[in-house]
Amino acid sequence: MEYDHKKIEKKWQQLWEQNKTNEVDLDAAKKPFYNLMMFPYPSAEGLHVGNMYAFVHSDAYGRFMRLQGYDVFEPIGLDGFGIHAENYAIKIGEHIRDVSMRTEANYYRQLKMIGNQYAWSHKVETYKENYYKWTQWLFLKMYERGLAYRKKSLVNWCSKCKTVLSDEQIIGGECERCDTETEKKEMKQWFFKITDYAERLHRNLEGIDWSEDVKIIQRNWIGRKVGAEVNFDVHVGGLKGKVGGKVDELNIFTTRPDTLFGVTFMVICPEHALINTYKSKIKNYEEVLDYLNNIKNKSDIERTDLNKDKNGVRIDGLVVVNPINKKRVPVFVADYVLPNYGTGAIMAVPAHDERDFEFAKKYGLEIVEVVSSTGRMEEKELVVAYSENGISINSDLLDGLKTKDAKEKIINWLKESNLGKEKINYRLRDWCVSRQRYWGPPIPMIKCEACGWIPVSEEQLPVRLPEMDDFLPDGKGKGPLNKIDDFVQVDCPKCQGDARRETDVSDPFVDSSWYYLRFLCTEFERKPLDKERLEKWMPINMYIGGKEHSVLHLLYSRFVAMVMCDIGYLKEEEPFKQFRAHGLIVRDGAKMSKSKGNVVNPDEYIKVYGADTVRMYLMFVGDMRQGGDWRDTGVRGMYRFVKKVYTLLGRVAPLDQLADRGEDDDFKRLLHKTIDGVKRDMENLKYNTAISKLMVLTSKMQELGCTRDELGDLVVMLVPFAPHLAEEMWESLKLVKDKGVLDQLWPEFDPSLAIEKVMELVLQVNGKIKAKVEVLPDIMEHEAQKVALENPKIKGVIGDKKVIKMIFVPGKLLNIVI
RNA sequence: GCCGAUGUGGUGAAAUUGGUAAACACGCACGACUCAAAAUCGUGUGUCGCAAGACUUGUGGGUUCGAUUCCCACCAUCGGCACCA
């Protein structure tokens with residue numbers, strides 16, 4: 001019996017498709033289990049081994065759950081809209097539509113080849129009308145609730161991709177897609193108000209079962225900070241002499257309201273409205289304007305360079321009064337204060353903030369210490385800002401209070417005097433969803449001169465993405481659709497007058513923010529989602545995917561699910577009950593890259609060794625969370641194993657013909673320990689050790705032979721890893737069962753058969769192993785001591801030294817301390 | 001700078017609550033089969049040592065009868081954030 005993977009895998013893949021083995025009746029399912037993997041954004045190179053790595057791990061889990069009796073729904077689709085695909089099409093000079101059709105075919109071919117139990121009848125492609133129609137619907141829902149809005153603000157601009165991008169798509173200052181350094185531009189764009197959900201997004205992280213590191217990344221990105229908002233009065237005048245009346249208020253956010261007595265100046269950002277409002281009162285307006293212009297000309301990198309000197313300009317003519325001690329302090333404009341965090345203005349406490357300290361030193365400003373570690377004034381002069389918590393000093397009512405208590409007291413004081421309040425601030429900013437590109441869903445909005453922005457009505461969806469030959473972005477701030485008059489010109493839905501369509505398309509991350517909901521509802525043509533379906537199947541039981549989406553897809557999806565929950569489509573606001581991030585797969589210790597030419601092409605390996613071998617190798621190469629190191633020799637080793645398993649069919653015999661299977665059945669013990677151990681490993685996604693346990697069992701079966709039922713147990717356990725092989729062997733075994741191997745239940749574990757009859761007791765002296773003896777597993781402490789002290793080796797080590805004590809660990813060891 | 005992860009043989013990696021470090025696999029060596037090779041099977045394989053034995057989980061400390069595991073300090077690599085008040 002030669003193992004012919006080509007024949008076997010083809011045969012079963014065809015049978016699965018014919019018999020719809022992997023389809024689930026979503027309505028009839030009794031024990032729903034939604035097993036999701038991040039659907040790929042297809043590239044022309046085809047399925048990367050990195051995708052494959054994630055997919056087979058996810059599939060193994062789904063198959064395992066099926067063996068636990070669940071109705072597992074495992075959908076797949078393509079996230080095909082987007083800049084990535086479009087850029088590639090531009091590069092090779094073909095139309096994106098043609099390229100997409102080609103990559104689609106290629107992807108589905110490859111995805112079928114790896115043998116995952118996909119519910120093919122539920123596939124979605126984000127770039128098909130029957131999908132993006134509903135992405136547009138989602139936009140309308142957002143708009144209805146005031147969660148989609150237009151605003152002019154500083155946005156990220158990629159000069160190579162010629163579009164704006166969201167904050168989440170800027171990775172270390174570079175475009176997520178093309179690694180070009182991005183710049184800030186002031187533009188009017190569509191945003192989703194994710195900041196309205198900041199608190200819920202932050203709070204819920206507590207209760208969801210996700211990889212801890214991903215939760216931390218999200219938490220940091222959301223950046224929740226508890227502090228206070230304080231209102232300072234702004235007056236016209238100078239620091240000395242007469243001062244005019246209050247003309248305005250300057251609101252600031254601080255996380256250290258307890259340092260209010262230490263405020264010696266204020267700083268506003270260059271974009272702050274105060275400057276323009278009081279330009280006639282500002283004595284050195286020219287100088288201020290010079291400074292602002294100077295900053296405008298600086299690039300982003302220059303402006304945010306941390307090593308750069310802090311500089312700014314005093315706004316002469318305005319002063320601010322500290323509400324707590326009525327002290328007049330100067331106001332500066334400086335670019336170390338950011339326009340898009342807090343209120344764009346700060347109270348400067350140089351003694352307790354590094355940046356303020358640096359600024360104060362440079363401009364010779366007063367530094368007043370109001371916190372110290374001891375609660376007493378420090379003897380020596382401050383050389384660095386003391387930004388830790390401590391005890392308040394020089395702070396009147398706060399003196400002697402610990403930072404935590406001082407904060408609380410001052411916030412109460414602010415509230416009572418109506419000068420401020422507790423305030424929670426987030427780093428998270430709204431999600432910019434406009435893209436000045438072609439390959440995406442047109443944003444379904446119409447601009448009428450008379451009526452303003454009017455949403456396209458739901459019945460009019462989809463707003464079809466028009467065919468166009470020249471789909472290249474021009475970089476002038478409008479999408480390519482702007483070139484098509486037929487598309488742009490439209491009657492206003494309200495007044496029937498002349499109006500223009502929005503020509504930007506939406507961010508591809510909008511597409512992927514809800515695909516998992518659509519998977520459950522693909523057969524509904526007239527509605528995007530079916531509430532019953534969602535109630536039955538959501539939230540997703542297990543989601544496996546890459547860490548690179550920690551903030552991006554995983555954050556956006558949570559936000560969109562919350563909105564869907566608020567609208568009433570979902571019962572629970574968190575879409576992914578469990579999420580596990582997988583690691584990166586490298587090759588021979590180095591990152592795979594096209595330029596290095598070390599990219600693993602899964603097709604080749606599947607051709608030579610078969611999908612089962614490649615699947616198993618990917619799961620054996622290391623812990624899923626850590627990723628793995630691809631080695632060709634390792635794949636060959638796995639191939640050896642797969643073949644070895646297959647040859648076990650020739651080792652099947654009736655029990656009485658098997659040698660070495662006496663009363664005390666060691667083999668039976670191993671089998672049951674394996675059944676138990678592999679199950680535990682699978683539950684914890686420790687596939688590598690699960691496989692190693694199966695290898696041990698396989699070797700033993702090969703050595704001793706096994707019964708039909710025993711091999712059947714192994715074959716069932718192999719299903720998650722090597723489904724084709726399992727099917728083939730199951731068929732050969734001709735076991736009388738009413739269902740195929742994919743729908744068997746996990747072999748039953750009998751703990752009584754797994755009990756050891758003898759054990760090896762480790763004998764240590766002072767924690768070092770000196771001898772091992774075979775004893776009964778339930779040996780009592782005093783017996784063990786007797787055995788140990790009579791052991792010649794131990795005797796020799798102890799000699800005439802005195803035994804101080806003996807520590808006995810049942811089932812493990814005895815340690816003698818001398 | 002802040003937050004997080006990782007560091008174990010020649011290699012990929014294992015190690016329930018602290019209890020036999022290196023399971024499983026790759027590679028290598030030797031052997032069997034073969035005219036030969038491949039494939040397959042068997043044996044060995046952390047380091048030093050002929051051996052007895054000693055040493056060994058990034059480095060240095062600590063707690064403990066006992067530490068890959070817990071604590072402290074440091075080093076290296078990778079990832080996230082970064083003038084966020």
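Residue numbering restarts at 1 for every chain, and letters A, B, ... go by the order of the sequence lines.
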Taking the P atom of each, how far is B/C81 from B/G27, in whole Å? 40 Å
Strictly under 4.0 angstrom, non-hydrogen atoms only: write out the protein contact profile of nucleotides 41-57 of chain B, one letter per nucleotide from the 5' end, B, S or -. S------------S---
A/L584 near the nucleic acid: base, sugar-phosphate alone, or nothing, with a heavy-atom cut-off under 4.0 Å? nothing
Across all strands, who's sitting opposite B/U45 as a Watson-Crick or G-U wobble pair, both distances under 3.5 Å? B/G27
For A/E760, answer base if it contacts any base atom (sugar-phosphate contacts may also be present), sugar-phosphate if it contacts only those atoms, and nothing otherwise; contact means non-hydrogen atoms under 4.0 Å. base
Measure CD/A/E176 against P/B/G79 and give the value in whole Å, please. 16 Å
In terms of the angle between their ring planes, are A/H553 and A/H549 parallel, tilted or perpendicular, with boundaries placed at 30° and 60°? perpendicular
Heavy atoms only, 4.0 Å cut-off, all strands: where does A/D588 land among base, sugar-phosphate and nothing? nothing
Answer yes or no on whether A/R427 is positioned over the face of A/W221, meaning its NZ or CZ is under 6.0 Å from the six-membered ring centre and within 45° of the axis. yes
Consider the side chain of A/Y336, meaning its heavy atoms from C-beta on, and name the nucleotide among B/C83, B/U20, B/C81 that approaches it most closely. B/C83
Which part of the nucleic acid, if any, lies within contact of A/G637, taking any heavy atom under 4.0 Å across all strands shown: a base, the sugar-phosphate backbone alone, or nothing? sugar-phosphate
A/N688 side chain N/O closer than 4.0 Å to the phosphate oxygens (OP1, OP2) of B/A14? yes
Check whether A/N688 reaches the backbone of A/V621 with its side chain - one donor and one acceptor, N or O, closer than 3.5 Å. no
Please produce a list of atom pairs where a protein N or O lies less than 3.5 Å from an N or O of nucleotides 61-65 of chain B.
unit_1	atom_1	unit_2	atom_2	d
B/C65	O2'	A/N815	ND2	3.3
B/C65	O2	A/N815	ND2	2.5

Any base atoms under 4.0 Å from A/W630, or only sugar-phosphate, or nothing? Heavy atoms, all strands. nothing
By the 4.0 Å heavy-atom rule, please label A/K547 as base, sugar-phosphate, or nothing. nothing
Find the distance A/K700:NZ to B/C24:C1' and express it as a whole number of Å. 15 Å
Paired with B/A21: which nucleotide, if any, by Watson-Crick or G-U wobble criteria at under 3.5 Å for both distances? none
For A/I217, report the nucleic acid contact type (base, sugar-phosphate, nothing); a contact means any heavy atom under 4.0 Å. sugar-phosphate
State the syn/anti category of B/G31 according to its glycosidic angle, syn meaning within 90° of 0. anti
Any-strand Watson-Crick or G-U partner of B/C50, both distances under 3.5 Å: none
Please report, rounded to the nearest Å, how far the P atom of B/A13 is from the CG atom of A/D681. 17 Å
In terms of the angle between their ring planes, are A/H672 and A/F749 parallel, tilted or perpendicular, with boundaries placed at 30° and 60°? tilted
What N/O pairs connect the protein and nucleotides 6-12 of chain B at under 3.5 Å? Give each pair on its own line.
unit_1	atom_1	unit_2	atom_2	d
B/U11	O2'	A/R631	NH1	3.1
B/G12	O2'	A/V621	O	3.0

Basic-acidic side-chain contact under 4.0 Å: A/E703, A/K700: yes
Walk me through it: do A/E212 and A/R625 pass the test salt bridge (charged side-chain N to carboxylate O under 4.0 Å, His left out)? CA-CA 11 Å; A/E212 210 49 47; A/R625 279 159 297 207; over 6 Å; no
Contact class for A/D356 (heavy atom, under 4.0 Å): base, sugar-phosphate, or nothing? nothing
Can you tell me how far C1' of B/A14 sits from NZ of A/K686, to the nearest Å? 8 Å
Categorize A/V551 for me: base, sugar-phosphate, or nothing, with a 4.0 angstrom heavy-atom threshold over every strand shown. nothing
Searching all strands shown, indicate the nucleotide that pairs with B/U34 (Watson-Crick or G-U wobble; both distances under 3.5 Å). none
Of all the choices, B/C81, B/G27, B/C3, which nucleotide is nearest to the side chain of A/R427 once you look at every atom? B/C81
Check every atom of B/G19, B/A14, B/C83 against the side chain of A/D335 and return the nucleotide holding the closest atom. B/C83
Hunt down the Watson-Crick or G-U wobble partner of B/A5, both distances under 3.5 Å, from any strand shown, or write none. B/U77
Classify A/K423 by what it touches in the nucleic acid, base, sugar-phosphate, or nothing, heavy-atom distance under 4.0 Å. nothing
Could you tell me the separation between the CG atom of A/D676 and the C1' atom of B/U16, rounded to a whole number of Å? 12 Å
Check the distance between B/A5's P and A/R580's CZ and give it to me in whole angstrom. 16 Å
Rounded to whole Å, the NZ-P distance (A/K215 to B/A5) equals 14 Å
Between A/N340 (CG) and B/A82 (P), how many Å, whole number? 11 Å
Re B/U69: Watson-Crick or G-U wobble partner, both distances kept under 3.5 Å, found to be none
